[in-house]
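Reading through the structure tokens given below for one structure.
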Amino acid sequence: MITRSIKLNLLLILTFFVSFSISSQDNKSNGSNFNKLSEEFLIKIKNGENTEAIREQLASTTIEELEDGLQTDTQKLAFWLNIYNGYIQFILQENPDSYSDRGSFFKKEQIKIAGTTIAFEKIEHGIIRKSQWPLGLGMIRKWFPNKLERKLRVEERDYRVHFALNCGAKDCPPVAIYYAEKLDEQLDLGTKKYLTQTTVYNKEENTVSVTPLFSWFRGDFGCKKGVKEILKAHNIVDDTKGLDITYKGYDWTLDLDNWIKL
């Protein structure tokens with residue numbers, strides 16, 4: 001009887017641990033699907049379909065689940081680029097008048113995710129740009145980022161995100177659906193396309209007029225020296241020696257439904 005009782009108890013313990021292990025694996029599997037969820041979010045917006053179920057799922061998840069599901073910078077960037085661009089489309093389609101005061105619009109906490117409500121500013125400068133002060137030109141970090149920002153932000157900044165984030169303006173880069181498995185290729189292609197379309201290069205005068213993004217976030221690009229190297233690397237200019245850089249204006253006219261496939 002004692003032997004049978006011990007065997008029964010061992011069987012119950014084993015069953016518990018097997019169930020716990022399966023549950024843990026399921027949670028990790030669900031976590032790894034955050035990238036897929038963000039892709040589906042943008043696909044539905046592009047197709048004019050209802051996104052309520054996805055938005056509810058994003059709102060009800062936890063910081064810990066997001067942290068577990070988005071473990072690499074590639075996963076984080078693909079996810080947050082899609083979330084940022086998707087919510088720009090969703091919110092401004094619902095209320096385009098809110099864009100009339102852009103400063104307040106980007107600072108307003110209006111995106112429900114991981115049990116809290118955050119602003120576009122938090123996603124762009126806090127998470128995607130690794131806790132940069134919004135007015136710091138890419139040269140000044142935040143001193144006291146909150147828990148969500150610390151746990152979910154990227155480890156290394158990538159200047160190419162500036163040619164992927166769409167804030168709703170006419171001069172913004174178009175919206176693409178970003179996939180973690182081919183993000184590097186997509187960011188390279190998107191950067192090349194945007195710079196080609198927005199840059200005016202005069203080889204004879206050795207001058208180049210570029211997007212003001214290069215000035216607003218100069219620290220992300222390595223300042224003027226870095227900008228020249230970026231332009232050369234993407235074959236926008238032939239030579240950087242003595243190259244004179246000027247910055248163009250920016251058209252803030254609201255322009256939604258601007259999509260591209262990368």
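Worth knowing before you read on, the calculation uses all heavy atoms, side chains too, and leaves out hydrogens, waters and symmetry mates.
Residues W80 and L152 meet the side-chain proximity criterion, which asks for heavy atoms closer than 4.5 Å. No side-chain heavy atom of N35 sits less than 4.5 Å from a side-chain heavy atom of Y178. T211 places a side-chain heavy atom less than 4.5 Å from the side chain of Y250. Under the 4.5 Å side-chain criterion, counting only non-hydrogen atoms from C-beta, L231 is not in contact with Y201. Put simply, the side chain of L92 reaches to within 4.5 Å of the side chain of F105, judged on heavy atoms. Using a 4.5 Å cut-off on side-chain heavy atoms (C-beta onward), L148 and I127 make contact. Counting only heavy atoms from C-beta outward, the side chains of L37 and N33 never approach each other to under 4.5 Å. Using a 4.5 Å heavy-atom threshold, the side chains of C167 and Y99 count as touching.
With values rounded to the nearest 0.5 angstrom, F79 atom CZ is found 5.0 Å from L66 atom CG. Rounding to the nearest 0.5 angstrom, the gap separating the CD atom in E39 from the CG atom in N82 is 6.5 Å. Atom CD1 of I260 and atom CG of L189 lie 7.0 Å apart (nearest 0.5 Å). Between the CD atom in Q110 and the CD atom in E94 there is a gap of 12.0 Å [rounded to 0.5 Å].
For F120 and Y87, the distance between ring centers is not under 6.0 angstrom.
Although no hydrogens or angles enter the test, the distance criterion places no donor-acceptor pair under 3.5 Å between the side chain of R157 and the main chain of G219. For K228 (side chain) and L243 (main-chain N/O), a donor-acceptor pair under 3.5 Å exists by modelled atom type. The closest donor-acceptor contact from the side chain of S60 to the backbone of Q57 lies under 3.5 Å. Looking only at distances, no side-chain donor or acceptor of N166 sits under 3.5 Å from a matching main-chain atom of N85. In this structure, E67 contributes its side chain and I63 its backbone to no donor-acceptor pair below 3.5 Å. Distance alone, capped at 3.5 Å, places no donor-acceptor pair between the D251 side chain and the D171 backbone. A donor-acceptor pair under 3.5 Å is formed between the side chain of S98 and the backbone N or O of N95. Checked by atom type and distance alone, the side chain of K192 pairs as donor or acceptor with a backbone atom of H234 at under 3.5 Å. Checking side-chain atoms of S215 against main-chain N and O of P212 turns up no donor-acceptor pair under 3.5 Å. K130 places no side-chain N or O within donor-acceptor distance of the main-chain N or O of E156, the cut-off being under 3.5 Å.
The minimum heavy-atom distance linking E65 with T61 is given by the pair OE1-OG1, 2.7 Å. Minimum interatomic distance between C223 and M139 (heavy atoms only, all atoms of both residues): SG-CE, 3.3 Å. In terms of heavy atoms, K248 sits closest to S209 at CG-OG, 2.8 Å. Annotation for L262 and G190: closest pair CD1-CA, 3.9 Å, computed over non-hydrogen atoms. Considering every non-hydrogen atom in both S38 and I83, the closest pair reads CB-CD1, 4.0 Å. Listed here is the closest heavy atom pair of D73 and E155: OD1-N, 2.7 Å.
In the hydrophobic clustering of ILVMFWY residues, with side-chain heavy atoms under 4.5 Å counting as a link, L254 and W259 come out together. Under a hydrophobic-cluster definition in which Ile, Leu, Val, Met, Phe, Trp and Tyr are linked whenever side-chain heavy atoms come within less than 4.5 Å, directly or via other members, I128 and W133 are assigned to different clusters.
D255 pairs by the salt bridge (Lys or Arg N to Asp or Glu O under 4.0 Å) definition with nothing, not counting sequence neighbours.
Partner F214 forms a ring-ring contact (aromatic ring centres under 6.0 Å, His included) with one of Y194, Y247, F163 and no other, that one being F163.
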- Message: Under the criterion side chain to side chain contact (heavy atoms under 4.5 Å, CB included), I'd like the reasoning laid out for K122 against E109: C-alpha separation, chi angles, the key distance, then a yes or no.
- Response: CA-CA 9 Å; K122 169 72 73 175; E109 295 177 343; over 6 Å; no
- For the pair R129 and E121, evaluate salt bridge (Lys or Arg N to Asp or Glu O under 4.0 Å) and give the outcome as yes or no after the intermediate values. CA-CA 10 Å; R129 298 182 59 232; E121 186 178 85; over 6 Å; no
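A salt bridge does not link D239 to K241: none of the charged nitrogens lies less than 4.0 Å from a carboxylate oxygen. Salt bridge absent: E52 and K44 never bring a charged side-chain N and a carboxylate O closer than 4.0 Å.
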